[in-house]
Amino acid sequence: MNYDFNAIEARWQQYWADNEIFIAQNNSDKPKYYVLDMFPYPSGAGLHVGHPLGYIASDIYARYKRHQGYNVLHPQGYDSFGLPAEQYAIQTGQHPAVTTQENIARYRQQLDTIGFSFDWSREVRTSNAAYYKWTQWIFIQLFESWYDIAADKAKSIAALETIFAADGNASVRAVCDEDCISFTASEWASFSATRKQQVLLHYRLTYLAETEVNWCPELGTVLANDEIVNGVSERGGYAVVRKKMTQWSMRISAYAERLLQGLDGIDWTDSLKDSQRNWIGKSVGATVTFKVSSTIFGDPKPETQNLKPNIGVFTTRPDTIFGVTFMTLAPEHELVSKITTPAQKEAVQAYIDATAKRSERERMADVKTISGVFTGGYAEHPFTKEPVPIWIGDYVLASYGTGAVMAVPCGDQRDYDFATYFRGKEGMPAIKNIFKDVDISEGAYADKGKAVITNSDFLNDLPYKKATKTAIYELEKLGQGEGKTNYRLRDAVFSRQRYWGEPFPVYYVDGMPQMIAAEHLPIALPEVEKYLPTETGEPPLGRADAWAWDTAEHKVVANTLIDDATVFPLELNTMPGWAGSSWYLFRYMDAQNTDAFASKEALEYWQNVDLYIGGNEHATGHLLYSRFWTKFLYDMECIPVDEPFKKLINQGMILGTSAIIYRISGTNTYVSKGLKSAHDIEELRVDVNLITASDELDVAGLKAWQPQFATAEFILEDGKYVVGRAVEKMSKRWYNVVNPDTICENYGADTLRLYEMFLGPLEQAKPWNTAGITGVHNFLKKLWKLYHSGDQGAFYVSDVGLSEVPEGAKTLHKTIKKVQEDIENFSFNTSVSVFMIAVNELTAQKCYAKDVLEPLLVLLSPYAPHIAEELWSKLGHTTSISTVAFPTFDASYLVESTKEYPISFNGKRRFTMELSLDLSKEEIEAAVMAHEKTQEQLAGRTPKKVIIVPGKIVNLVG
RNA sequence: GCUGAAGUGGUGGAAUUGGUAGACACGUUGGACUUAAAAUCCAAUGAGCUGUAAGGCUCGUACGGGUUCAAGUCCCGUCUUCAGUACCA
């Protein structure tokens, strides 16, 4: 009987679905285990073989945990809002919901073919109103919250208003906007309602503010920092410019420290934690306030004289305060115009204009060129009271710290380079050196551990740490600085000028945002006739005819009814892609709930994700935002955990192996790879499906593939056309995409699953090469044969116990041990080898014992579930193999009485010797010395030393 | 520049606390079966030298050193590749 994988796989997939085998229960006596994949964006191209890699790994783990007796939650869904469907809608007019629905259907069909053990009853789609109702609900909770630094958690805005009414804001320590004003209780009481709303916006965890954003004109929307790669948009690679816009922002900066600390308690790779630490970018130091000299010469305007503006800087090295030689402001800094002297005005303005013209990208690409201009203004050193010249330069970024630095050339290379470049020019004094016995003629001295400070008044001879503390203490005494921790992490812009995203549950009264009460959610996405921005530049929702909120009827009504009394305009922006994906893990716990995003009981039972598998590209986006929202929901006491993902594994990318043919330039003639050096050639990539395992091109197939090849000539070598190969990202444009459906059709899902695992370590990037697939497919065929050793290939197992087949028992238990270790170490590639070895050995042994072959199927079933179910049922079982207990390893079957010892002389192995493991070291030595080959090797010499590691090795030295 | 990961046969990759490098596959070569092909099975396969043969010897885990009876594995230095990040004060 042949291994008819297509029929077998279809049958068991049907069986699993019909019998709801993988439905997880929300209450169980079993311990829980939650295995989650990063849910896919359902793109139009469908799945290629790279996508399922992580799903296969998590599926193996989920199935293994079921065998181990866990109640396993292993759900799947779709991150179904997003740009591609909308871009497609703009081009074709097709509603994104329709495109998305079609794509999801295709994905589902592909996923089902591979035999995953997903609990589809819990499927989520971020674009479903029943789902985004709760995304909107969480947004409202964020709006109604502020961050209390004293309690180190988020609290309700209502509580903050109570404090304001009683005490004003003097006692409040909150994470809020920089430009927050101070007010007393009576001042608060006197504020108008609108004014109060404005003030509260400075505190809310999601807030509306005019901020400098990354505007992408081609996409017609703003982008978050993590959506920009190398200065261009992640999607499409379009240019991005800075622009001031009023936008919703998320106050993620409030959670910077907790996001950093939380990393210590979770099991993620170091490289991933590192990425997050880097992104958060904590630096500890101090702020220093420099007074601008009131003796600004030449400025005739008395009002400027009286303003005496201060310049605040942030530094990580307050200990070097006496090394300040000059100051540098970012060209965009707001004080630049106030401190520039008339004499320098022209030069400064020219510099500002030149900088503004350069895009962010140009500025990044060109970091070596030093540029800057002296403003003519001077600040006053806080301790020495000496004048410090103020410069502007584009090496100082407006977006980091205060946009101004105190320049200490002796301790910072950039300051050093700047000072050296402008040495001798007006406003650039000689570099002050404050390090004892350090020569700075070659560059700055940044080794803070070893530095001894001198020429620094009260800081002289203090070590770095002490000097830092003392400097901060003295600055605080003067009221000109304080210790401060700065984070690179910026608040995240949360508005997108797009159609296909979650609408905000927000309407506007007198320009102030108002939340729609939770009971009226969801606010469904309105219909529009076109998906482009409006002619006046408003987002696509500006095209909707019915996009106004009736506060009396509590429903969305026609825009014509807007009267700004009971009917108000709704927010036109939508939420970004990461909104829905920031909390989806909790929805799976209770996906059908209509009263809450999940019930308390479900959240309490499932807690958080035990194992999360997905790609590396989400290191600083999704994985940071979902940690942020989780911590917020924890503060709100909505969930019992403050980290979403306990353990995380990044699967490596599967690369495509492109096929290259060589055209002789200017002709339609192609030469085989080995002959190309004789010609002037052009490389063309062709469909990898036209290539055999030995890199031979199917010439007839190529001629049929594209008309340009129909009349082409091919120069063969040894009767074949051999193509070149290149390993690169799997992509339609390189024609190197391999589709899992074809593999399943030709070899079966079990083969695909095993082969993807067999390719190499899960976390490593690796090329896909279909050639090797016959290896694992042959293995499954051998396995099938092992169970069909009867007449005419009939199914056969013998009913004998383990004691009668000691070799088979040994093979089995060796396999149990290794497979279990491998799964727990996520080393799936090596367990596939172990299965191959087991089947090869059992076949050689002609071992058909049921007590060996039955447990072997359980070991295999996480990897190749279909064939395991099929053979399991042939063994007479009437229920699924999926929850059968995992075999227990028994070391007694592996006990050996002898060992084939390698015998080495001076570390080089010369021969092996079989010796009993019971022997003592002395007995081993005696046996080895008695061996004739030992005498041959020694040639009469006496070994100086004999190393014997029982059970391992013997080494004779001398 | 900084941070992280990694360099092993023709290819993908194995190798526990340092203890027989190259498991398991692919590919290649030879053979069996077949009218033939496919499929299947068997054998060989790191490089080189040597022997009629059984066998023996040398080199070999990016490169150069070191520690050790013993190093792919540990230490120091160098190079290369990949990923992330970047005037972060």
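Computed from a prediction, not measured in an experiment: that's the story for all the values here. Naming: A, B, ... by sequence-line order, numbering from 1 per chain.
- Counting non-hydrogen atoms under 4.0 angstrom, Lys785(A) reaches the backbone sugars and phosphates but no base.
- If you check every strand for non-hydrogen atoms under 4.0 Å, Val957(A) touches sugar and phosphate atoms only.
- Every residue two or more places apart in sequence or in another chain was checked for a side-chain hydrogen bond (donor to acceptor under 3.5 Å, both in side chains) with Asp274(A), and none qualifies.
- Counting any heavy atom pair closer than 4.0 Å across all strands shown, Phe758(A) reaches a base atom.
- Taking atom C1' on both G10(B) and U29(B), the two are 13 Å apart, rounded to the nearest angstrom.
- In this structure, Lys484(A) places its NZ atom 13 Å from C1' of A89(B), rounding to the nearest Å.
- G18(B) atom C1' lies 18 Å from atom CZ of Arg909(A), rounded to whole Å.
- A donor-acceptor contact under 3.5 Å is not formed by the side chain of Lys782(A) with the base of U40(B).
- Between the C1' atom of C57(B) and the CZ atom of Phe905(A) lies a distance of 15 Å, rounded to the nearest Å.
- Straight-line distance between the P atoms of G7(B) and U73(B): roughly 11 Å, to the nearest whole Å.
- Between the C1' atoms of A5(B) and G22(B), the separation comes to 23 Å (whole Å).
- One can place CG of Asn906(A) at 13 Å from C1' of U68(B), the figure rounded to the nearest angstrom.
- The separation of U34(B) from U40(B), taken at their C1' atoms, amounts to 12 Å, rounded to a whole angstrom.
- Within 6.0 Å of atom CE in Met653(A), 12 or fewer heavy atoms from other residues, nucleotides or ligands are found, so the atom counts as exposed in its surroundings.
- Of the candidates Leu754(A), Thr751(A), Leu759(A), Ile773(A) forms a side-chain contact (heavy atoms from CB on, under 4.5 Å) with just one, namely Thr751(A).
- As judged by a 4.0 angstrom heavy-atom cut-off over every strand, Asn778(A) is placed among residues touching the sugar-phosphate backbone only.
- Asn486(A) comes within 4.0 angstrom of no nucleic acid atom, judged by non-hydrogen atoms across all strands.
- In textbook terms, a nucleotide whose glycosidic angle is within 90° of 0 is syn, and G9(B) is one such case.
- For Asp270(A), the CG atom sits in a loose shell: 12 or fewer heavy atoms of surrounding residues, nucleotides or ligands are nearer than 6.0 Å.
- Across the protein-nucleic acid pair, Lys781(A) atom NZ and U40(B) atom P stand 4 Å apart, rounded to whole Å.
- For Lys817(A), the salt bridge (Lys or Arg N to Asp or Glu O under 4.0 Å) partners at least two apart in sequence or on another chain are Glu821(A).
- At a threshold of 4.0 angstrom between heavy atoms, the contacts of Ile947(A) include nucleobase atoms, whether or not backbone atoms are also involved.
- Nucleotides G72(B) and G65(B), compared at atom P, are 15 Å apart to the nearest Å.
- Note on Asp270(A): nothing from the nucleic acid sits closer than 4.0 angstrom, heavy atoms only.
- Rounded to an integer number of Å, the gap from Asn650(A) CG to C82(B) P is 20 Å.
- Within 4.0 Å (heavy atoms only), Ser833(A) reaches at least one base atom of the nucleic acid.
- A donor-acceptor pair under 3.5 Å is formed between the side chain of Ser275(A) and the backbone N or O of Ser271(A).
- Comparing the P positions of U81(B) and C26(B) gives a spacing of 33 Å, expressed to the nearest Å.
- Glu841(A) pairs with exactly one of Lys846(A), Lys810(A), Lys814(A) by the salt bridge (Lys or Arg N to Asp or Glu O under 4.0 Å) rule, that one being Lys814(A).
- For the pair Asn840(A) CG and A43(B) C1', the computed distance is 15 Å after rounding to whole Å.
- Judged by distance alone, with hydrogens and angles left aside, Asn829(A) brings no side-chain donor or acceptor close enough to the base of C24(B) to form a pair under 3.5 Å.
- Between the P atoms of A25(B) and A32(B), the separation comes to 24 Å (whole Å).
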inquiry  = Output the pairing pattern of RNA chain B as a dot-bracket string, 5' first, Watson-Crick or G-U wobble with both distances under 3.5 Å, | for cross-strand pairs, [ ] for crossing pairs.
reply    = (((((((..(((......[....)))((((((.......))))))(((((....)))))..(((((..]....))))))))))))....
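- Among the heavy atoms of the strands lying under 4.0 Å from Gln764(A) are primed sugar atoms or P, OP1, OP2 only; no base atom is included.
- As a whole-Å value, the separation of Asn769(A) CG from U11(B) C1' is 8 Å.
- Between the C1' atoms of A70(B) and A54(B), the separation comes to 30 Å (whole Å).
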